[in-house]
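The following block contains the structure, expressed as structure tokens.
Note that ligands are numbered from 1 as they come in the structure, with each ligand's atoms numbered from 1 the same way.
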Amino acid sequence: MTGRIIDGKAFAAGLRARIQEETAKLKAAHGIVPGLATVLVGNDPASEVYVRNKGKTAEAIGFKSFHYALPENAPEAEVLARVKALNDDKAVHGILVQMPLPKQVREAAVLDLLDPAKDVDALTATNAGLLVSGRAQIVSCTPMGMMMLLKEYVGDISGMNALVIGRSLLFGKPAAQLLLAANATVTMAHSRSRDLPGLCRNADILVAAIGKPYFVKGDWVKPGATVIDVGINRVDAGEGKTKIVGDVDYDAALKVAGAITPVPGGIGATTIVNLMRNTLFAACLQSGVPVPAI
Ligand code: NAP
């Protein structure tokens, strides 16, 4: 038996087309063009690629895109002044401050200043709290992508055992909240958890967000389970080349799982598109226009 491969790329392409359509409608009906601003402090090559792709995708969808590059040694006050200016800028509906930040800039100080209405990564305490309260309008992009793929490939997950490995603010914590809100029985695991293989074997939905290549073994997967692999790890591919792999031993897990997300082309493909969805929603909410049902 081999599991179904969850095609995040195809799903993301469909969602992106719907966002583009709604963006055109918003402009035609209300003259509103969603604006996404990215702020990058320093020149980490991976972050530069992420930020560039976000800007390109925003423009391709029909948004206005603004980019601010600050030097690696920019003082915290300069970063905060940029965030404040973007909070006040009416043409900007979504602000993304690329993390991680250099050590002289406190992430908490940036997030506490960031207007929650423009927090399209849903990292502020306000948006995290709204998610726990079941009232979030802007939801973290990758966890949202996970829920969309589960809806598409599994359907109703009510009563299922879901295990989330990893407890980051960016993914693990919001992912657990969303699974709980969808009536799964949720367990969270982390580096101090005991008997991770045993916890995994009990999971109907196994979500790995650890950041360690091939960490989850094939024989940890419950037969027929749905596996969501969030990890992005660069490993040696021989001949001086590298490749991206997930946190799950994919080839082994594919033989046991009912369905599984590949890396790349799985959950990661949905993240950037959900950032665009959040920006569109933020533009609607800030303008008093109903949020489209996409
Ligand atoms: P993170 O902040 O990197 O933290 C890793 C988590 O894994 C922590 O909660 C840690 O536990 C846990 N962990 C580490 N070693 C473990 C072990 N031996 N057993 C069990 N748990 C262990 O998490 P993140 O930011 O969510 O990133 C995780 C991975 O997902 C990375 O590869 C990242 O690149 C990827 N990611 C991808 C996307 C996407 O768009 N596809 C989005 C977000 C993240 P402790 O808390 O106890 O230290």
### Query
Tell me: protein heavy atom nearest atom 42 (C) of ligand 1, and distance?
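Of the protein heavy atoms, Thr142 OG1, 3.3 Å lies nearest.
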### Task
For atom CD of Gln137, decide whether the heavy atoms of other residues, nucleotides or ligands shown that lie under 6.0 angstrom number more than 12.
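Atom CD in Gln137 is not crowded, with 12 or fewer foreign heavy atoms closer than 6.0 Å.
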### Task
Please assess Val245 against Tyr214 for the test side-chain contact (heavy atoms from CB on, under 4.5 Å), listing each intermediate value before the final yes or no.
CA-CA 8 Å; Val245 301; Tyr214 315 116; 3.4 Å; yes
### Query
Any idea which protein heavy atom is nearest atom 21 (N) of ligand 1, and the distance to it?
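Result: His190 C, 3.1 Å.
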#### Entry: Between Thr124 and Asp119, a side-chain donor and acceptor under 3.5 Å
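Looking only at side-chain atoms, Asp119 and Thr124 do form a donor-acceptor pair, the distance falling under 3.5 Å.
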#### Entry: Mode of Ile210 contact toward ligand 1 - side chain, backbone, both, neither (heavy atoms, under 4.0 Å)
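Within the 4.0 Å criterion, Ile210 contacts ligand 1 through backbone and side-chain atoms alike.
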### Query
Hey, which atoms in ligand 1 end up nearer than 4.0 Å to a heavy atom of Lys212?
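By the 4.0 Å cutoff, the relevant atoms are 15 (N), 18 (N).
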### Query
Are the side chain of Asn127 and the backbone of Ile138 linked by a donor-acceptor contact shorter than 3.5 Å?
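Checked: no pair found.
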### Query
For ligand 1, which part of Thr271 has a heavy atom less than 4.0 Å away: the side chain, the backbone, both, or neither?
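It is the side chain that gets close, since no backbone atom is under 4.0 Å.
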### Query
Which of the listed options, Val230, Ile272, Leu275, holds the heavy atom that is closest to atom 37 (C) of ligand 1?
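Of the listed residues, Val230 has the closest heavy atom.
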### Message
Check Glu22 with Lys25, please: is the shortest side-chain N to carboxylate O separation under 4.0 Å?
### Response
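Counted as a salt bridge, because a side-chain N and a carboxylate O are separated by less than 4.0 Å.
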### Query
So which of Ser191, Gly166, Gly145 gets nearest to atom 45 (P) of ligand 1, if we judge by its closest heavy atom?
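Comparing heavy atoms across Ser191, Gly166, Gly145, the nearest one to atom 45 (P) of ligand 1 lies in Ser191.
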### Task
Applying side-chain contact (heavy atoms from CB on, under 4.5 Å), run through Leu86 and Tyr68 and close with a yes or a no.
CA-CA 10 Å; Leu86 293 172; Tyr68 300 89; 3.6 Å; yes
### Query
Is there a heavy atom of Gly231 sitting under 4.0 angstrom from any atom of ligand 1?
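Checking ligand 1 against Gly231, which is what was asked, there is a heavy-atom contact under 4.0 Å.
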### Message
Going by side-chain contact (heavy atoms from CB on, under 4.5 Å), Ser47 matches just one of Thr38, Val41, Leu40. Which one?
### Response
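Between Ser47 and the candidates, side-chain contact (heavy atoms from CB on, under 4.5 Å) is satisfied uniquely by Leu40.
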### Query
What atoms in ligand 1 come closer than 4.0 Å to a heavy atom of Phe215?
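Contacts of ligand 1 toward Phe215, numbered from 1: 17 (C), 18 (N), 19 (N).
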### Task
Show your reasoning for whether side-chain contact (heavy atoms from CB on, under 4.5 Å) applies to Val110 and Val79.
CA-CA 8 Å; Val110 170; Val79 179; 4.1 Å; yes
### Task
Pick out which of Val154, Asp7, Ile6 makes a side-chain contact (heavy atoms from CB on, under 4.5 Å) with Leu149.
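Filter result, single survivor: Ile6.
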### Query
Can you tell me if Lys118 and Gln286 form a side-chain donor-acceptor pair at under 3.5 Å?
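There is no such pair (donor and acceptor under 3.5 Å, judged by atom type) between the side chains of Lys118 and Gln286.
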### Query
Which atoms of ligand 1 are found less than 4.0 Å from any heavy atom of Ile165?
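It comes down to these atoms of ligand 1: 20 (C), 21 (N).
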### Task
Provide, to 0.1 Å, the distance between atom 32 (O) of ligand 1 and the closest protein heavy atom, together with that atom's residue and name.
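Looking at atom 32 (O) of ligand 1, the protein heavy atom closest to it is Ile232 N, 3.0 Å.
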### Query
For ligand 1, which atoms have a heavy atom of Phe171 less than 4.0 angstrom away?
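Numbered from 1, ligand 1 contributes 26 (O).
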### Task
Assess Ser193 for proximity to ligand 1: is some non-hydrogen atom of it under 4.0 Å away?
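Not so, Ser193 does not reach ligand 1.
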### Task
With side-chain contact (heavy atoms from CB on, under 4.5 Å) as the test, would you mind laying out the steps for Val207 and Ile165 before giving the verdict?
CA-CA 6 Å; Val207 184; Ile165 315 173; over 6 Å; no
### Task
Heavy-atom contacts with Gly268 under 4.0 Å: which atoms of ligand 1 show up? List them by number with element.
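Contacts of ligand 1 toward Gly268, numbered from 1: 41 (N).
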#### Entry: ligand 1 atoms in contact with Leu170 (distance to a heavy atom under 4.0 Å)
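Taking each heavy atom of Leu170 in turn, ligand 1 has 43 (C) under 4.0 Å.
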### Task
Mark up the atoms of ligand 1 that fall under 4.0 Å of a heavy atom belonging to Arg167, in ascending order.
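Counting atoms of ligand 1 from 1, those under 4.0 Å from Arg167 are 9 (O), 45 (P), 46 (O), 47 (O).
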### Query
Should one rank Ser168, Gly211, Ala209 by closest heavy-atom distance to atom 6 (C) of ligand 1, which comes out on top?
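It is Ala209 that holds the nearest heavy atom.
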